[in-house]
Structure formats: structure tokens, C-alpha cells
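Keep in mind the model is a prediction, meaning the values are calculated, not measured.
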Amino acid sequence: MTNHPHLRRDFAASLVVFLVALPLCVGVAVASGVPAELGLATGIVGGIVTGLMRGSSLQVSGPAAGMTVLVFEAVREFGLPVLGVIVLVTGVLQIAMGVLRLGRWFRAISVSVVEGMLAGIGLVLIAGQLYAMAGAEAPASGLGKIAGLPGALVEALGDAEALAALGLGVGTVAVMVLWKRMPSVVRSLPGPLAAVGLATAAATAFAMPVATVEVQGLLGSVQPPSLSAFGELADVAVLATILAFTLIASAESLFSAAAVDRLHDGPRTEYDKELVAQGAGNALCGVLGALPMTAVIVRSAANVQAGARTKASRVLHGVWLLLFAALLPGVLAYIPIPALAGILVYSGAKLIPVRAIAGLWREHRGEALILMATAVSIVAVSMFEGVLIGLALAVAKTAWEASHLKLEVVDKGAGPVQAYLSGNATFLRLPKILDSLEALPQDRPVELDLSGLHHLDHACRTALENWAERHSAVGTEPVRMTSV
């Protein structure tokens, strides 16, 4: 114990994280349309492999609800073998970005775009899992999922089996919502595990006619991609999916790292090394044909709050997942799918930053509009296009604000006309600058004060000098310019 003074705390924290991660690993896998064991495989790699690497000492990685929608679309469009290729290449790209020290640049991505991305994922996830709660098949598109919900609910109310499944799912959500209000002794058991455990007990005790998790065994589920699957890398759609995986997984992991750093006073995250660690984990997950991984804020927060001090807690949580998958896989067969859907509906709701939207709307309306536009685009079009739309809007907004310019003219009726330029004079505002200056009286001397400019690009400087020459050429006194 002297060599490992924090071992007792880390051991206890690892058990808490394991109990939180277990139902989430299984739930994310089932919702992604892959065998449940692949979710456990990703959790094991995230704990043991990524957990041992440098980067963030207390952050916990595994399959994330935020990737569920994208993974489901990839499996549906390209098949499970190609998913392994996509995840493998995603991991290689993350390693390359970390080695090239690009990890810190992910912090430059607009927070509104990231929150909009998570909100859009949350909306699609909730809509899709509501069908699973009722034992129905969800439409393929995001808009189709939302539009079809009223009809699916009406059908469920007229079907005894669907009603039983829906009741179980709603009950799971209710347990998750109310768990924080339970006595502290009860809350020592993680909410997701308690909700799934109660649902499983109810379904078994009352012999409820609901679907349960299909069990294949860890070794039976792990299927490395074949060489022929790598041929799909010639498909532009596959490459676009890889870019989406890389962007979303990296951004979610590094934003989670920043959030976890605020929860403890230990060593800070080394972003480039954390990106390499995430990439190594994803590369191995791709080789195993498993789900992609990201750092997960729910598990990470549970790790910190349980008293973890070193990376030993997250590594041990991976060991417990491995032992469970090896020794007790049959337990999964008792878990009702509507209960897992309920867990993900709750997780999806947590992805929608309602308070942040309200705060942004009051203080930064443009950022709030970018957030909402990104979320709506993801629902209406697709994940990749939605994120690109959000990034384009963020860049456009920044360009607009960066080119903000104000021209103030003071004309006392006699003497020179005084013109004051302030803000950022860029080529984007050049037409406005010239229109305003050329509207000044041609027969009066002009004093142009540029000292209020934060930035004057070459195009604007040249245009102002040319205007000054033209204005002076008509016989008035030369334009006097106070330089920036």
C-alpha cells in the first residue's frame, strides 16, 4: 500500500464506474444495431488500453451515447464489417492529429457548434429509442422518427405487448429521474444499474412479453474486419463517415476532458497525448470490429465523485468489464431492451443543453441560433452535414463580427470634415467604407482618423489611399489621414 497510497480509493471508485458503465455499454451497443458484447469490448479497451496511456488521468472512455446515431447509420448503410474499418482509420487519424499537436485546436471549435451537435444527437437518439421502448421499428431518417412518433404511440396503446414494453421503458426513465432524490444510502448504487436491475426484476417476476438482449458471447461477437472490407475506403460516403467519426469523437473526448479538469484539482489534461490515447483505443476497437470510443462525461464524473485519485480506477473498471463479459455473459439475456432504451432516452435528454440555450439567447443570440441551426440540421439532414453547416455558420458569424466597422462623420459646417473609422477594416467591409467616404462633400477638406481601427488589411489601406488621392485631385486640400 505504501507504493500505491491511493489504491483503496481507486479500487472503490473502479467498482462504481464499472456499475455505471455496464448498462451503458450494453445499451449503446443495442441502440447502435450491433451485438451487446461489442459495447463491452469497447468499454474494456477504453478502460485497460486507453486507461493506461497518458493524457487525462481521471477521464473514463468507452462507447458513448453521443455516437449512437452515427454508428447506427454506418452499420445500416455499410454493414458491421466496414464499421471496424471506419473505427480503425478514425483511430489512426486521431493518433496522427495528436502526434502533430492538433489536439489543442479542438478547443477552438465553437462551443455552440459542439452543443448543437450534442443536442441534435440527443433529439434523434430520444426519438429512435422511444420506438424501441414500445417494441416498434424506427424510421430511418431523423425527421421520419419524429414525425412518426404520434402514430407509433397510438399503435402501442392498442397492443398489449407494446404497452407492456412502453410501461417498462417509462418506468426506467422515471427511476433515473427520481434517483437523485433517493436517500444517500440508496444512491450509493448507480442510477443506470438500479433502473435496469429493477426493470429486469419486474420483467422476470411478471413474465412480461418484452424483448431481451441477445447473447452471443464475447469471442463470438468480436469479428475483425476482413481485407475485402478495406476496399470500401474507396467509397466517398465511407470517407465522409470517417471524418464525421473523427471530428465528433475527438471533440467530445477533449471537451469532456476540459469538463473533468474542472471537477478535480489533480494533474491537468495533456490534450495532444489524450488524443493519441483515444486514437490508440479506437484503432484497437476497429481491429476487434467493436464500437468507437470517446471519453464519457457520465463515467468520468462518477469516477471523480467516487474519490478516484489515479488512472488505476479506470484501468480496474476495464478489468471488471472483462471479467463480467468472460464469466457472466448469460446475465445479459435477462435485460429487457425497453429498459436499455429508457436509459438512452434519459441520456439523450441530458445531451440537450436547455439551460445553455436559454442563457445564450439572452446574452449571445447569434450563438444560440448557431446551436439551434446545428441541431435542426442534424435532425433534418444527417450528422456529418449538420456539423458542417454549424461550422460554416460559426465561421460566417466570426467573419461578420471580425469585420465590424463604424464610420462617424463630424461636420461643423465650416473647416474640414472630420471622419472617424473604428473597428476592423477588412475587404469584407470595403464597399461600405468607400460608399460612405465618397458621399463626403467633394469641395471640403477631409481629416480621416484611423486610430480607432483594431485592424486594417492591405486591401482596405490601398483603397483608402486611392480614395484620398481622388478626393484631393479636385482641387481641395489633401486628405489628412491619422495612421492606424
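Contact of the L263 side chain with the S300 side chain is not registered, since no non-hydrogen atoms from C-beta on lie closer than 4.5 Å. With a 4.5 Å cut-off on side-chain heavy atoms, W361 and L369 count as touching. A 4.5 Å side-chain heavy-atom check between Q278 and M293 finds at least one atom pair inside the cut-off. Proximity of V260 to I297: side-chain heavy atoms (C-beta onward) are separated by under 4.5 Å at one or more points. Counting only heavy atoms from C-beta outward, the side chains of V296 and L24 never approach each other to under 4.5 Å. Residues L464 and L456 meet the side-chain proximity criterion, which asks for heavy atoms closer than 4.5 Å. In this structure, the side chains of Q418 and D449 stay at 4.5 Å or more apart for every pair of heavy atoms. The shortest side-chain heavy-atom distance between I248 and M67 falls under the 4.5 Å cut-off.
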**OP:** Just do the side chain to side chain contact (heavy atoms under 4.5 Å, CB included) check on Q223 and L80 with the steps written out, would you?
**Re:** CA-CA 9 Å; Q223 298 290 336; L80 190 54; over 6 Å; no
Original post:
Between I335 and V196, does a side chain to side chain contact (heavy atoms under 4.5 Å, CB included) hold up when you go through it step by step?
Top reply: CA-CA 7 Å; I335 299 177; V196 170; 3.7 Å; yes
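Sorted by first and then second residue, the salt bridge (Lys or Arg N to Asp or Glu O under 4.0 Å) pairs with a member in residues 59-83 form an empty list; sequence neighbours excluded. Among residue pairs with one or both ends in residues 350-370, those qualifying as salt bridge (Lys or Arg N to Asp or Glu O under 4.0 Å) are E367-K397; sequence neighbours excluded. Pairs of residues two or more places apart, or lying in two chains, that qualify as salt bridge (Lys or Arg N to Asp or Glu O under 4.0 Å) and include a residue from residues 45-63 are R54-E270.
The only member of E274, Q59, R299 that meets side chain to side chain donor-acceptor pair (under 3.5 Å) when paired with S256 is Q59.
Here CD1 of I48 is found 10.5 Å from CH2 of W320. Values are rounded to the nearest 0.5 Å. For the atom pair W467 CH2 and I433 CD1, the distance stands at 11.5 Å (nearest 0.5 Å). Here the OG1 atom belonging to T374 is positioned 8.0 Å from the CD1 atom belonging to I389, to the nearest 0.5 angstrom. Distance CD1/I242 to CG/D235: 10.0 Å, rounded to 0.5 Å. Between M372 atom CE and I357 atom CD1 the span is 6.5 Å, to the nearest 0.5 Å. With rounding to the nearest 0.5 Å, the separation of OG1 in T246 from CG in L93 is 4.5 Å.
When atom types are taken as modelled, the side chain of K311 and the backbone of S57 share no donor-acceptor pair closer than 3.5 angstrom. Side-chain atoms of R268 come within 3.5 Å of backbone atoms of D261 as a donor-acceptor pair (strictly under, hydrogens ignored).
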Side-chain polar contacts of residues 36-47 - donor-acceptor pairs under 3.5 angstrom, sequence neighbours left out - could you list them?
| from | atom 1 | to | atom 2 | distance (Å) |
| --- | --- | --- | --- | --- |
| E37 | OE1 | S221 | OG | 3.2 |
| E37 | OE2 | Q216 | N | 2.8 |
| E37 | OE2 | G217 | N | 2.9 |
| T42 | OG1 | L38 | O | 3.2 |
| T42 | OG1 | L291 | N | 3.0 |
| T42 | OG1 | L291 | O | 2.8 |

Enumerate donor-acceptor pairs with a distance under 3.5 Å from any side-chain N or O in residues 114-137 to protein atoms, sequence neighbours excluded.
| from | atom 1 | to | atom 2 | distance (Å) |
| --- | --- | --- | --- | --- |
| Y131 | OH | K145 | O | 2.7 |
| Y131 | OH | G148 | O | 3.4 |
| Y131 | OH | L149 | N | 3.1 |

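Between L371 and P353 the shortest heavy-atom distance is CD1-CG, 4.3 Å. Residues S32 and T68 come closest through the heavy atom pair OG-CG2, 3.7 Å. Heavy-atom minimum distance, V20 versus P190: CG2-CB, 3.4 Å. Closest approach of G103 to L275, counting heavy atoms only: CA-CD2, 3.7 Å.
Under the rule for a salt bridge (Lys or Arg N to Asp or Glu O under 4.0 Å), E408 has no partner lying at least two apart in sequence or in another chain.
Around the CG atom of D265, the shell of radius 6.0 Å holds no more than 12 heavy atoms that belong to other residues, nucleotides or ligands. Summarising the local packing, CZ of R101 is surrounded by 12 or fewer heavy atoms from other residues, nucleotides or ligands at distances under 6.0 Å.
Counted by atom type alone, N282 and T90 present zero donor-acceptor pairs between their side chains at under 3.5 Å.
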